[in-house]
Amino acid sequence: MASVLNVKESKASERTIVVAGLPIGLNDRLLTTLVKIHFEDTDNGGGIVEDVTYPTRTKGAAYVTFKEKTVAENVVRKKKHCLADMVGYAQLTVSHFSEKVFSSVMAVLDLSIFRSQIRLESLVMDLKSEIPTLCLSPLDANGRISVQGTFLAIEKLKEFLLLKASFLLEKNRSRQSPRGSTRRSSHSLKPPRSLTPETTKKGESLVLDTDTFLYLKKKREVYESTLRKFHVLCQETVDGEVTTLCIKNAQGGSQPNNEKQVKEFIEKYSHALHFELRKETFILEGKEDKEKKNIKLACEQLSSSYPQVLVNFYKTHIDVIGPPSDTYLFKKDVMEFIRQKVR
């Protein structure tokens, strides 16, 4: 079976891209041909393709090696790629190949903590339905299961399990306190098509991935404009990787349905946005003060040149979030800036 090693051995990583989101179940030769045709089309920023590696160890992913490095950069810079020929419509995610990036991630999950709340077999069925690109081993007697998939698939898995755990916790609390809590409203923790949202008289609640929410709020005007349009207020509680939104009408006479409409819109928009973004992290912890200063300075000076990139500064690290091509080029420019400072 073809693997990432084929690409590494060719010593052409700078001319190679990773293509994810390919439809599963089609003839391998047919899909390889369609991918090559797509990326040789100059309308797609493409050029001469030397090789297409497919299938790979990652479901729905291929490696495309171009004759020229500039073509690979042009293809990644182009925002949208889709196959719309014999395979219907397939939205593709394209990124630079890097030997330092895991194209396939393996993990062992201990689902036993859910045993008292839900049948583990049902939970596994939900996982397969929500994230079909994941490879799942049989569930063992102790509630452990092995998973393998792309980094994006593992990110989605993490989000799904966090939301499921929070939903079950809130459900358990509501059973223990029939009158409900006076401090918080129940959370709507529905990954698409899996959990039914709950509502309260105090408004609508929604749990999101923090990185996705911060990008939505700071880089997309649609968030604030939607709140104004429907005359609602949004209380935002950031707790590490998870952010909880409590959406309430700003005016007593506002339509109660406004809260639900805003919640559903933000939920769908942020879910789609989550899979359009890529995060790069610069670690500051353990570095010398001069190196930390150079990294911060580079990020501050370059941020104005990348309006689609969100830079979040923390004490121990700096997160860079944005479209894959922009974050890649931003990181590349930061590293070049630091090298020039060192000279």
Side-chain angles (χ1 to χ4, degrees), residues 24 59-60 104-213 236-247 259-260 263-275:
I24 299 170
K59 279 188 176 180
S104 180
V105 182
M106 294 187 67
V108 177
L109 302 179
D110 185 355
L111 301 179
S112 61
I113 59 172
F114 292 97
R115 198 187 297 275
S116 62
Q117 300 288 335
I118 189 174
R119 286 181 65 249
L120 297 188
E121 292 78 9
S122 297
L123 180 58
V124 172
M125 290 292 289
D126 285 345
L127 284 174
K128 290 180 179 179
S129 174
E130 288 295 328
I131 319 171
T133 56
L134 276 180
C135 292
L136 303 174
S137 71
L139 184 70
D140 70 19
N142 295 321
R144 288 191 292 268
I145 189 171
S146 297
V147 299
Q148 180 179 1
T150 63
F151 181 75
L152 286 177
I154 297 298
E155 281 285 294
K156 187 175 182 180
L157 170 66
K158 180 185 75 173
E159 183 183 69
F160 176 91
L161 292 176
L162 281 172
L163 297 184
K164 175 72 81 170
S166 300
F167 173 77
L168 293 173
L169 179 62
E170 285 296 324
K171 190 175 181 181
N172 190 48
R173 283 175 178 168
S174 64
R175 287 175 180 172
Q176 295 175 358
S177 305
R179 294 184 181 180
S181 170
T182 57
R183 295 185 178 182
R184 67 177 75 186
S185 58
S186 62
H187 296 272
S188 169
L189 305 165
K190 183 182 81 67
R193 306 183 304 279
S194 61
L195 298 177
T196 304
E198 296 183 8
T199 60
T200 70
K201 294 181 180 179
K202 296 183 179 180
E204 294 280 349
S205 293
L206 177 63
V207 175
L208 301 174
D209 171 78
T210 295
D211 290 331
T212 306
F213 168 71
E236 305 151 1
T237 305
V238 178
D239 183 12
E241 296 182 348
V242 174
T243 294
T244 304
L245 306 184
C246 183
I247 304 164
E259 298 168 345
K260 185 176 181 180
K263 173 192 169 175
E264 290 178 348
F265 173 79
I266 293 176
E267 186 173 31
K268 291 178 181 178
Y269 193 97
S270 61
H271 184 273
L273 184 62
H274 178 83
F275 295 101

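In what follows, every heavy atom counts, from backbone to side chain, and hydrogens, waters and symmetry copies are set aside.
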For Arg144 and Asp140, which heavy atoms make the closest approach, and how far apart are they?
N-OD1, 2.7 Å
Nearest heavy-atom neighbours spanning Ile145 and Pro138:
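Taking every non-hydrogen atom into account, CG1-O, 4.3 Å.
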Please round to the nearest 0.5 Å and tell me the distance separating atom [atom1] of [X] and atom [atom2] of [Y].
X	Y	atom1	atom2	value
Leu208	Asp211	CG	CG	11.5 Å
Lys263	Ser205	NZ	OG	7.5 Å
Lys268	Leu273	NZ	CG	16.0 Å
Glu267	Glu204	CD	CD	9.5 Å
Ser146	Leu134	OG	CG	12.0 Å

Got [X] and [Y] here, is their nearest side-chain heavy-atom distance under 4.5 Å?
X	Y	value
Leu109	Leu161	yes
Thr244	Val238	no
Leu206	Ile266	yes
Arg119	Phe114	no
Phe160	Leu123	yes
Arg115	Leu120	yes

Go through it in stages, so that I can follow the logic: the residues are Leu157 and Leu127, the test is side chain to side chain contact (heavy atoms under 4.5 Å, CB included), and I'd like the CA-CA distance, side-chain angles, deciding distance and then a yes or no.
CA-CA 8 Å; Leu157 170 66; Leu127 284 174; 3.3 Å; yes
Taking side chain to side chain contact (heavy atoms under 4.5 Å, CB included) as the definition, give me every residue that meets it alongside Lys128, ordered by chain and number, with sequence neighbours left out.
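Lys128 satisfies side chain to side chain contact (heavy atoms under 4.5 Å, CB included) with Val124, Leu136 only.
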Given Thr212, Thr210, Asp209, the one that forms side chain to side chain donor-acceptor pair (under 3.5 Å) with Thr243
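Single pass found, and it is Thr210.
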Got a donor-acceptor contact below 3.5 angstrom from the Asp110 side chain to the Ser112 backbone?
yes
